[in-house]
Amino acid sequence: MSPQDDPIIVTEKLEKTYRDNGVEVPAVRGINLTVHAGEFSAIVGPSGSGKTTLLNVISGLDSPTSGEVWLRGRPLSQMNGRQLSDFRRDHIGFVFQAYNLIPVLTVRENVEYIMMLQGIGKGERRRRVRKMLEQVGLPGMEGRVPPKLSGGQQQRVAIARAMVSRPALILADEPTANLDSETGAGLIDMMRELNRQSGMTFLFSTHDRMVMDKAARVITLKDGRVAEDRQKT
Amino acid sequence: MGFTIKLAWRNVLRNKRRTVIAGIAIGIGLAFLIFYDGLIIGMEDVAIRSATASFMGEAQIHRRGFRQTQDGALTVRGSAAVMERLRADPLVAAHCPRTLSLGMITSPANVNSILLVGVDPERERRISRIDDAIAQGGFFRGDNPRDMVVGSELAEILEVGLGDRLVATVATAGNGDLAQEMFRVSGIYHFSIKEMDQGMAFVRLPVAQRMLGIGERVHEIAIRFTQLKLASQRDLPFWEAYSANGNEAVSWADLLPQLKTIFDMTGTGRAVMAFLLIIVVIFGIINTLFMSLYERLFEFGVLRAVGTRPWGVFKLMLAESGSLGIISAAIGVLLSLILIAILSKTGIDYRGIEFAGTTFQDLLYPVVKAYQFIVYPAGLFVFTLLVGVYPAAVAARMSITDAIRRSL
């Protein structure tokens with residue numbers, strides 16, 4: 001199936017305006033965007049351009065001021081809080097720029113957390129965790145706790161957690177922001193490889209030039225609007 | 001739920017210092033509640049023992065109306081039969097007959113009004129502590145019918161010592177004629193109870209009965225039960241069984257109603273202590289949980305983002321509150337055990353202090369009851385859960401993006 005045939009994200013006239021001390025601050029202004037299954041896309045732009053807000057609204061973490069988001073064909077505005085929670089749990093994996101993991105849980109517990117929410121049995125969870133940690137290059141690290149891991153290792157665990165429940169979409173907000181360039185490049189290469197292997201859609205925000213270079217599609221935001229949408233061949 | 005509890009425990013133990021400080025603050029409140037309860041029970045026991053064992057007994061039988069009028073003619077009806085019945089009663093450990101009459105006592109130096117009490121020394125020893133309180137002489141040693149035992153302050157007023165002569169004057173029952181007898185001081189007691197040390201004198205029962213002209217009848221039968229708590233049981237069949245034939249059987253609670261009233265009021269004291277504990281718990285738990293919540297905003301944001309429902313976050317915070325409650329209860333129980341263990345060895349010396357018409361005669365020890373270590377800690381745990389509802393609701397309703405943004 002061609003990516004173009006299967007849109008996983010569609011936004012229509014998406015607007016998000018914050019109110020700060022009585023002043024309205026538009027963060028996203030009328031964005032129309034379509035992301036297809038299997039894409040490896042980057043949203044780029046300077047600080048304040050609306051990258052994080054766009055990701056938050058797309059994932060249902062935040063509600064738009066106006067416009068609509070369809071995820072896998074379902075309009076988010078039609079879902080209540082509980083349905084949104086369940087939808088995120090089952091269809092979206094998240095990677096944040098830092099503090100991704102619960103420090104009191106071991107690597108295994110962090111990775112299997114979403115599967116526990118999904119009610120997957122212990123044996124299956126353990127099997128998937130082991131396999132996933134191998135895929136992200138952290139075999140045998142199940143018993144470690146996050147504070148004992150490097151920043152790069154923590155982000156790999158976060159990616160493992162995001163992917164282990166096999167969601168259709170992985171959203172990553174500045175995943176390399178707190179990593180040195182070499183570690184960041186390794187992480188993006190790994191994500192790209194996982195994207196190729198699994199067919200999962202990756203959409204991440206970044207202002208890291210190296211990350212932009214590795215993305216198959218680069219959506220540039222400026223002042224809350226899409227300034228450029230470039231598909232690499 | 002198991003995972004939520006595990007995560008909650010780990011979160012609570014993450015910042016051990018803060019958890020221990022909060023646990024100690026709340027635990028101290030619980031420890032004092034347990035200790036206070038034990039102390040109040042101990043104080044009640046000592047006060048009742050002091051009041052009943054000094055002289056009064058745990059219960060008394062009189063002719064109805066005698067207590068109000070002190071009329072010497074109102075003797076216990078069928079006293080011999082009543083005492084025979086008391087001897088066979090399994091609830092009764094001991095009893096003793098007495099005559100009671102108001103009168104005057106005169107020495108060469110002075111005169112004083114007294115309550116002249118006729119006692120059977122052998123049986124009296126099993127009820128009252130006059131024998132133990134003897135400071136000089138003895139409590140009716142030998143069989144001299146002229147022996148009289150007086151209180152230390154009365155001896156001072158009358159300026160008499162052992163062997164000195166005294167003349168007692170009482171009104172005979174029925175016609176009110178005055179009867180006089182000469183006695184010699186054979187014993188002086190000191191109770192630290194003003195009414196007893198200054199206003200009572202004891203003579204042998206047959207002598208008193210002869211003076212009063214009441215034959216072998218008595219005014220009062222004092223009783224000690226096999227268990228002190230029986231005297232406080234209003235529904236004990238004993239009271240009805242012996243309140244017959246014109247007599248009345250009354251407990252210490254009727255004889256010293258002010259003491260009973262104060263004991264009833266201790267419930268208010270416990271409620272005040274519990275209220276103070278509740279205040280400490282409210283602030284302790286809310287403060288700790290909100291500090292923990294705002295410190296971990298991003299984590300809560302992540303948990304919610306990856307699909308945890310608000311109810312899941314609510315349960316987690318509530319479990320943390322409960323965990324803190326368990327830690328606080330454990331600390332409180334430990335502190336209370338230490339406090340009680342220390343004071344159970346040393347006791348608190350309130351001897352000689354008057355309290356609600358009685359004077360403490362023994363050291364005060366806190367009394368340990370199983371319920372103090374079950375009901376109060378369990379109550380604390382339940383209350384921490386209730387208090388935890390507020391921060392849990394705040395955490396559950398928090399905007400995910402706010403949580404993530406505010407912590408960056």
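Chain naming here is simple, since letters A, B, ... match the order of the sequence lines and numbering starts at 1 in each.
- Both the backbone and the side chain of B:Thr308 come within contact range of chain A, judged by heavy atoms closer than 4.5 Å.
- Only the side chain of A:Tyr113 comes within contact range of chain B, judged by heavy atoms closer than 4.5 Å.
- In this structure, chain B has heavy atoms under 4.5 Å from both the backbone and the side chain of A:Leu61.
- Screening B:Val368, B:Leu337, B:Leu339, B:Ile340 for a side chain to side chain contact (heavy atoms under 4.5 Å, CB included) with B:Ile34, the sole residue that qualifies is B:Ile340.
- With chain A as partner, the option from B:Leu303, B:Val306, B:Asn11 having the largest number of non-hydrogen pairs under 4.5 angstrom is B:Val306.
- Comparing A:Pro103, A:Ala162, A:Gly81, A:Ser165 by how many heavy-atom pairs each has under 4.5 Å with chain B, the most go to A:Pro103.
- Ring orientation note: the planes of A:Phe40 and A:Phe204 are nearly perpendicular, at an angle over 60° on the 30°/60° scale.
- Between A:Phe96 and A:Phe94, the distance from one ring center to the other falls under 6.0 angstrom.
- A donor and an acceptor atom, one from each side chain of A:Gln135 and A:Gln197, are located under 3.5 Å apart.
- A side-chain donor-acceptor contact under 3.5 Å links B:Arg296 and B:Ser292.
- The 12-atom threshold is exceeded at CZ of B:Arg14, counting heavy atoms of other residues, nucleotides or ligands nearer than 6.0 Å.
- Top candidate by heavy-atom pairs under 4.5 Å with chain B, chosen from A:Ile92, A:Ile114, A:Asp173, is A:Ile114.
- Within the 4.5 angstrom heavy-atom criterion, only side-chain atoms of A:Leu117, from C-beta onward, approach chain B.
- Ranked by non-hydrogen atom pairs under 4.5 Å with chain A, the options B:Ser399, B:Gly307, B:Gly301, B:Gly312 are led by B:Gly307.
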